[in-house]
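Reviewing the structure listed below.
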Protein chains: 2
Amino acid sequence: MRADAQRNRDRIVEVARALFRAKGFDAVSMDEVAKGAEVGPGTLYRHFPTKESLYDAVLEAWAEKVNAAVDRALSLDASAREQLLTWLTDYAAMLTEHKGAAARITAALGDPGSPFAAKCTTYVNANQRLIDGLDSALRPGVEAMQISRLVGGMAAVADNSELPAESVASMLAIVADGLLAP
Amino acid sequence: MRADAQRNRDRIVEVARALFRAKGFDAVSMDEVAKGAEVGPGTLYRHFPTKESLYDAVLEAWAEKVNAAVDRALSLDASAREQLLTWLTDYAAMLTEHKGAAARITAALGDPGSPFAAKCTTYVNANQRLIDGLDSALRPGVEAMQISRLVGGMAAVADNSELPAESVASMLAIVADGLLAP
DNA sequence: TGCCAAACGGAGAGTGTCTCCGTATAGTTC
DNA sequence: GAACTATACGGAGACACTCTCCGTTTGGCA
């Protein structure tokens with residue numbers, strides 16, 4: 001890639017990250033990103049053919065934090081319930097870090113054609129590792145995709161309604177108790 | 001209201017209901033509704049100043065079914081768990097009856113300025129009646145708004161991903177067990 | 001320095017929401 | 001049943017947004 005192209009690409013992602021985080025996916029227009037990055041719309045679309053692909057690039061670095069969080073929860077010297085709650089809370093917090101991200105990623109779960117498919121796989125795999133780690137403490141038959149959807153749904157609601165952390169925590173506690181073996 | 005205006009209004013709502021149900025909120029354009037109802041865009045917007053207000057009118061009749069469903073669940077001669085599951089399943093099914101409705105209504109929970117505020121109140125009240133009816137079988141301190149958000153979130157996920165009923169049921173079972181007293 | 005593939009950027013096509021305002025008509029009054 | 005007026009109609013178009021085409025510019029190499 002030519003140096004000017006690389007510079008422009010970096011600046012676009014940087015501007016887009018700030019805008020998406022502040023205003024949410026829908027409220028940011030591509031023109032706005034182009035103007036902010038001081039490029040023409042044509043240039044923006046050369047780098048990112050769709051708005052989704054731009055969003056995907058913005059979320060790139062961020063997906064790696066998920067695996068770190070599941071490791072952290074599993075390494076805690078605590079009860080299975082506390083480990084589970086720690087993970088769910090971290091997970092929901094990461095999902096709501098960007099406004100609108102939770103709903104978008106959760107909607108893409110199980111859709112291989114989605115531009116966020118890679119991110120979804122990361123999430124589902126993290127939940128699978130959690131299930132393997134917590135082993136028999138969980139309700140028999142619980143699946144990684146179920147946890148992904150349950151927490152993704154909660155995160156989306158929390159994000160949309162801008163719920164305070166304690167409201168999210170109490171809902172996650174309900175989900176966690178439901179996930180633990182009876 | 002003049003007779004021709006009433007006729008047009010009725011036809012608009014009827015056409016919009018069919019379109020929204022089939023294609024979901026976002027995929028239906030106002031022009032499409034206007035053409036289907038054989039009126040001009042101006043006429044459509046005279047009756048419904050925003051797309052949301054049209055959606056609200058479409059959902060009008062449908063909100064009444066919620067109270068009937070909670071009565072049905074509470075009158076069942078069954079365990080608290082079965083009553084709860086019956087209600088949650090009905091509730092989620094009603095939310096997903098119109099594509100996109102669950103996410104939209106759940107997002108409006110707790111926002112008095114939303115065009116769907118009246119529908120939200122109906123849902124939260126129904127859950128409150130459930131809590132009162134099930135009494136001590138539920139986890140102490142559980143609130144109607146929490147149940148509304150939990151199930152609304154699940155319904156939104158189910159709706160978005162077009163999940164089969166059994167997938168929804170297994171997630172609702174987890175939520176239900178979390179809601180029941182430990 | 002000159003070349004040219006790569007990149008740029010703006011005009012504009014296509015689609016959507018919503019408005020303005022001249023025209024048509026329902027319903028009343030004589 | 002004719003005239004009148006408040007009410008409603010409907011289409012042209014303003015405005016915003018995503019995305020494309022293509023003439024122009026420029027980075028990097030020989």
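Lettering of chains follows the sequences in order, A, B, ..., and the numbering in each one begins at 1.
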Find every protein N or O atom lying less than 3.5 Å from an N or O atom of nucleotides 22-25 of chain C, and list the pairs.
unit_1  : atom_1 : unit_2  : atom_2 : d
dT25(C) : O2     : Arg2(B) : NH1    : 3.3

Next on the checklist: Does this structure show an ion pair linking Asp177(B) with Arg139(A), if we count only N-O contacts that are shorter than 4.0 Å?
Outcome noted: yes
Item to check | Nearest-nucleotide 5' precedence on DNA chain C, Ala5(A) against Val28(B) | outcome: Ala5(A)
Checklist entry - Roughly, in whole Å, what's the span from CE in Met1(A) to P in dG28(D)? => result 12 Å
Checklist entry - Side-chain contact, heavy-atom cut-off 4.5 Å: Val13(B) with Arg17(B)? => result yes
Item to check | Toward the 5' end of DNA chain C, by each residue's nearest nucleotide, Gln6(A) or Glu52(B) | outcome: Gln6(A)
Item to check | Atom-to-atom span, CZ of Arg9(A) to P of dG9(C) - whole angstrom | outcome: 16 Å
Checklist entry - For DNA chain C, what residues of residues 29-40 of chain A have any heavy atom nearer than 4.0 Å? => result Val39(A), Gly40(A)
Item to check | Any Leu74(A) side-chain heavy atom under 4.5 Å of Leu134(A) side chain | outcome: yes
Item to check | Whole-Å gap separating C1' (dA12(D)) and CG (Leu44(B)) | outcome: 16 Å
Item to check | Atom-to-atom span, CD1 of Ile12(A) to C1' of dG9(C) - whole angstrom | outcome: 12 Å
Item to check | Rounded interatomic separation in angstrom, taking OH from Tyr45(A) and P from dC21(D) | outcome: 14 Å
Item to check | Aromatic plane relationship, Phe20(B) with Phe25(B) - under 30° parallel, 30 to 60° tilted, over 60° perpendicular | outcome: parallel
Checklist entry - If you check every side-chain atom of Pro41(B), which of dG11(D), dA8(D), dC19(D) has the closest atom? => result dG11(D)
Checklist entry - Starting at CZ of Arg46(B) and ending at P of dC21(C), how long is that distance when rounded to a whole Å? => result 14 Å
Next on the checklist: Is Thr43(A) close enough to dA7(C) that one of its side-chain N or O atoms is under 4.0 Å from OP1 or OP2 there?
Outcome noted: no
Checklist entry - Between Leu54(A) (CG) and dT18(D) (C1'), how many Å, whole number? => result 13 Å
Checklist entry - Do you know the tightest heavy-atom contact between Ser161(A) and Ala107(B)? => result OG-O, 3.8 Å
Checklist entry - Should Phe48(B) and Tyr55(B) be marked as a ring pair (Phe, Tyr, Trp, His ring centres under 6.0 Å) after you check the CA-CA gap, both sets of side-chain angles, and the distance that decides it? => result CA-CA 9 Å; Phe48(B) 303 101; Tyr55(B) 200 49; over 10 Å; no
Checklist entry - Which whole-number value in Å describes the distance from Arg11(A) CZ to dA7(C) C1'? => result 13 Å
Item to check | Glu32(B) atom CD, neighbour heavy-atom count above 12 within 6.0 Å | outcome: yes
Next on the checklist: Of the listed nucleotides (dC9(D), dA12(D), dG28(D)), which one gets closest to any side-chain atom of Asn8(B)?
Outcome noted: dC9(D)
Next on the checklist: Salt bridge or not between Arg104(A) and Asp56(A)? Use side-chain N to carboxylate O under 4.0 Å.
Outcome noted: no
Checklist entry - Any chance the side chains of Arg46(A) and Asn8(A) put a donor and an acceptor closer than 3.5 Å? => result no
Next on the checklist: Does dC9(D) have its OP1 or OP2 closer than 4.0 Å to a side-chain nitrogen or oxygen of His47(B)?
Outcome noted: yes
